[in-house]
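Okay, structure first, notes after.
Heavy-atom basis, side chains included; hydrogens, waters and symmetry copies ignored. Whatever order the structure lists them in is the order used to number ligands and atoms, beginning at 1.
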Amino acid sequence: MSLSQNPLIQEVLEKYKPIWALDHASGLLEWDLETYMPVDASKPRGFAFAQLALMKQQHIVETAGLLSKAEKLTGLSDQERGILRVAKRDADYYTKIPPKLLEELERTPKEATVAWRDARKKSDFSMFKPWLEKIVDLKKQEAEKLGYVGHPYNALLDRYEEGATVADVDKVFSLLVPELKRILKRVISEGKFPPKHPLEQMQYQEEAMRRVNQELLTILGMPEKTFRMDISTHPFTTGIAIEDVRITTRYEGTDFKATMFSTIHESGHALYELQMDPAFEYTPLSRVTSLGWHESQSRFWENFVGRSREFTKLIYPTLKKNLPFLSGYSEEDVYRYFNMVRPSLIRVDADELTYNFHIVLRYELEKKLIGGELSVSEIPSVWNEKMEEYVGVRPRNDAEGALQDVHWGDGYFGYFATYSLGNTIAGMIFDRIRKDLDLEHVVARAELGTIKQWLKEHVHKLGATYSPKELQRKQLGEAYNPQPLVKYLEQKYLT
Ligand SMILES: [Zn+2]
């Protein structure tokens, strides 16, 4: 069934078929780059990405005329308005960014990440510095071409989180940071959630954790024939189509919770993509509405469900069966191990209480880089100072500090903030879903399909029909309120 009977919108949808196919191809190339691509192939891959982006630009620019005619349409359905909203965003972007800049924005990061990898291996920021300078310069140009109100960072943030501004993000952090500091201080002094646990050191067989992860995928109700799970250093999810989603996990041989929670996290992302309305396929609506919403899904499953007492109880027998070293550990021990609290240097290893400090640090630095208040050469020292201020630990070298994440090398400026917006939205979902479901009981009875169904109805099936703020107001009552997240953390860690 067509999403619209309006001839103008049908024409827009027709124009989107090749655009969808180009995204499909880039998505698959991206997945391959992160999983199986030979190391030396980054140059031709960068070239291919740039050429595909230019083709996409040509197709999208062609829709501009249609879209300006469509502006006069009235009496449209929510879906029709959504189609035009997303298509207009695409058209704006690709008409404002000149092809030469677009080509550089696509190509440079693919080569910069190779330099970043080498620099991190040698823990030498100076090797990455010229690349980062080039990327910051390109991102500033991008912001200028796109235009903005207020801070230039708004132009970049809007690419990942439509309509969100530094004012929104600053407001979230101004509440979150002092509250998290307060909770963290008490948790550390009480010692109930330990900074270290003997289970971290236990060695496991990869086969054993593969079986556990398989069981997790079953419990979460991941639809077997529409996804696959591979291995990568940094786990991620790529949506290729509504019936083709790729996730990855990692097996490091110790600290078995890492592979478990990355599997749950990426499954949370995957379900969002997999549970969209199938009628949206090949159209502008077959996308997640924002990265903040995307992250809310992964965090909701990982933390609010996965790290709960009820879920620990549910998975404990499977863990015990596969990990012989668990015979001396109770369910309560495993719960404490899942919820260790340790201020640490590395974002991806951070616990629920310290994670957002890592984000505010990067957000403040990149806002200043884009605003021209900070130079790239100052990054390592400012990073270390901020890390000490927020997390209370100081990196010993650049690999532990400013070189730890690939995002900036990848050109993802404006992206980090969405991690904390995602945690914020996850907190709001936790509050809202409990008005409809007895969440603890549902998890205890292994009826996770009920949660999956709730998220499908309220979030997933809608795809990009509504903007991130509209979707929050519609389904959660308001936008970006960190209070429920604080309340949840307080109840979990302080009572
Ligand atoms: Zn994620």
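- Partner Y153 forms a ring-ring contact (aromatic ring centres under 6.0 Å, His included) with one of Y148, Y363, F413 and no other, that one being Y363.
- Among residues at least two apart or in separate chains, side-chain hydrogen bond (donor to acceptor under 3.5 Å, both in side chains) pairs with a member in residues 23-35 are D23-K56, D32-R45.
- A salt bridge links R89 to D158: one of the charged nitrogens lies within less than 4.0 Å of a carboxylate oxygen.
- Protein atoms that are N, O or S and lie under 2.8 Å from the Zn ion (ligand 1) are these: H265 NE2, H269 NE2, E295 OE1.
- Contacts of K88 classified as salt bridge (Lys or Arg N to Asp or Glu O under 4.0 Å), with partners at least two apart in sequence or in another chain: D92.
- A 6.0 Å sphere centred on CD of E206 holds more than 12 heavy atoms belonging to other residues, nucleotides or ligands.
- Applying the salt bridge (Lys or Arg N to Asp or Glu O under 4.0 Å) test to E352 and every residue at least two apart in sequence or in another chain returns K492.
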